[in-house]
Amino acid sequence: MGTKAAEALDVSFDELPTYLHAKHSVYMEVDGATYYLTDVNDQYWRAQDTTKLNEKGHYVDASELVPTLSEFLTLPFADGKSVTDVFDKATFYASEKAE
């Protein structure tokens, strides 16, 4: 898990899948909540709630794990809405890895 970049990304809905395949994660702010959208070893995708941590200090899952990015983008998790549903009012931020 990386840290949220200070500056918002300029990414269109059509560019988001390519960005996620290349970078593996992104932060999404929508309706006062922040989610970490990420893959699991390049095999599954999930959304995580950044306000809740588990015993290992990792974000808690807010969605199910799904095997494809296209399925993930339509998976309801943010108050019953998917990334596709909220994209127009969401702000995205890069996930920066510590070096």
Side-chain angles (χ1 to χ4, degrees):
M1 138 177 107
T3 57
K4 186 177 106 180
E7 291 189 34
L9 290 170
D10 182 18
V11 63
S12 71
F13 182 75
D14 290 336
E15 296 168 330
L16 186 60
T18 301
Y19 181 89
L20 284 169
H21 275 297
K23 303 292 186 175
H24 306 280
S25 59
V26 69
Y27 283 87
M28 179 182 81
E29 286 185 353
V30 65
D31 295 332
T34 303
Y35 299 96
Y36 188 59
L37 312 181
T38 186
D39 69 3
V40 180
N41 300 324
D42 276 334
Q43 295 180 12
Y44 290 90
W45 293 89
R46 67 181 171 201
Q48 296 179 305
D49 183 339
T50 64
T51 64
K52 299 175 185 170
L53 300 176
N54 65 19
E55 63 281 351
K56 294 181 181 179
H58 297 145
Y59 300 138
V60 173
D61 289 353
S63 75
E64 299 174 35
L65 289 171
V66 292
T68 66
L69 186 53
S70 60
E71 185 178 357
F72 172 66
L73 293 176
T74 61
L75 180 70
F77 67 89
D79 290 329
K81 297 179 182 164
S82 68
V83 174
T84 301
D85 296 332
V86 301
F87 183 86
D88 288 338
K89 61 182 181 175
T91 305
F92 295 87
Y93 297 85
S95 175
E96 298 176 334
K97 306 293 184 206
E99 297 195 27

Q. Is it true that a side-chain atom of T84 and a backbone atom of L73 form a donor plus acceptor pair closer than 3.5 Å?
A. yes
Q.
I need the minimum non-hydrogen distance between T50 and Y27, along with the two atoms involved.
A. CG2-CE2, 3.9 Å
Q: With sequence neighbours left out, write down each residue that passes side chain to side chain contact (heavy atoms under 4.5 Å, CB included) with V66, or none if nothing qualifies.
A: W45, E71, F72, L75
**Q.** CD/E64: more than 12 non-hydrogen atoms of other groups inside 6.0 Å
**A.** no
**Q.** Exercise: identify the closest heavy-atom pair between Y36 and G2
**A.** OH-N, 3.2 Å
(Q) When you group the ILVMFWY residues by side-chain heavy-atom contacts below 4.5 Å and let the links chain together, are L9 and Y93 in the same group? (A) no
Q | Note, K23 side chain near Y19 side chain (heavy atom, < 4.5 Å) | A | yes
Q) Considering only heavy atoms from C-beta outward, does the side chain of Q48 approach that of S25 to under 4.5 Å? A) no
Q | Verify same cluster id: V30, V83 (apolar side-chain graph, 4.5 Å) | A | yes
Q. Do H24 and K97 come within less than 4.5 Å of each other through their side chains, counting heavy atoms only?
A. no
Q: Report, as yes or no, whether the 6.0 Å neighbourhood of atom NZ on K81 holds more than 12 heavy atoms from other residues, nucleotides or ligands.
A: no
**Q.** Same apolar cluster (I L V M F W Y, side chains within < 4.5 Å links), V11/Y35
**A.** yes
Q.
Using 0.5 Å steps for rounding, measure from the CG atom of N41 to the CG atom of D39.
A. 7.5 Å
Q: Please confirm whether the backbone N or O of K56 pairs with a side-chain atom of N54, one donor and one acceptor, at under 3.5 Å?
A: yes
Q: Take atom CG of D10 as the centre, draw a 6.0 Å sphere, and report whether it contains more than 12 heavy atoms from other residues, nucleotides or ligands.
A: no
Q.
Contact between L37 and F77 at the side-chain level, heavy atoms closer than 4.5 Å - yes or no?
A. yes
**Q.** Heavy-atom side-chain contact between D88 and F13 under 4.5 Å
**A.** no
Q: Assert yes or no for the condition that the ring centre distance of F87 to F92 is strictly below 6.0 Å.
A: yes
Q. Which is it for L20 and V26 under the side chain to side chain contact (heavy atoms under 4.5 Å, CB included) test, yes or no, and what are the steps along the way?
A. CA-CA 7 Å; L20 284 169; V26 69; 3.6 Å; yes
